[in-house]
Amino acid sequence: MKKALSVILEDAEIIELIRILMDDDADEALVWLKTHFKGKARDLLEGG
């Protein structure tokens, strides 16, 4: 079953994401994902 995951970002967060993608910064990408998706993926699996 497919499920959707949404995240609302401020302009500064979008700029940070773009910087991470442009720099191919894997460590910062992991930190960013943990910060913005913390708990959301688990909630989806548990019935959200």
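None of these values were measured; they are calculated from a predicted model.
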For Asp23, which residues count as a side-chain hydrogen bond (donor to acceptor under 3.5 Å, both in side chains) partner, sequence neighbours excluded?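 side-chain hydrogen bond (donor to acceptor under 3.5 Å, both in side chains) list for Asp23, sorted by chain: Arg19.
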Going by ring-ring contact (aromatic ring centres under 6.0 Å, His included), name the pairs with one or both residues in residues 10-32, residues two or more places apart or in two chains.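 Applying ring-ring contact (aromatic ring centres under 6.0 Å, His included) to every pair that reaches into residues 10-32, excluding sequence neighbours, yields Trp32-His36.
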Among Asp24, Leu17, Asp25, exactly one meets side-chain contact (heavy atoms from CB on, under 4.5 Å) together with Leu21. Which residue is that?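 When side-chain contact (heavy atoms from CB on, under 4.5 Å) is applied between Leu21 and each of Asp24, Leu17, Asp25, only Leu17 qualifies.
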Rounded at 0.5 Å granularity, tell me how far CD1 in Ile15 sits from CD1 in Ile20.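 Answer for the CD1-CD1 pair, Ile15 versus Ile20, is 12.0 Å.
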Pairs where residues 26-37 contributes a residue and the test salt bridge (Lys or Arg N to Asp or Glu O under 4.0 Å) is met, not counting sequence neighbours: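 Every candidate salt bridge (Lys or Arg N to Asp or Glu O under 4.0 Å) pair involving residues 26-37 fails, so no pair, neighbours aside, qualifies.
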Output all residues satisfying side chain to side chain contact (heavy atoms under 4.5 Å, CB included) with Leu33, sequence neighbours left out; order by chain, then residue number.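 Expected list: Phe37.
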What residues form a side chain to side chain contact (heavy atoms under 4.5 Å, CB included) with Ile14, not counting sequence neighbours?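 So Ile14 forms a side chain to side chain contact (heavy atoms under 4.5 Å, CB included) with Leu9, Ile18.
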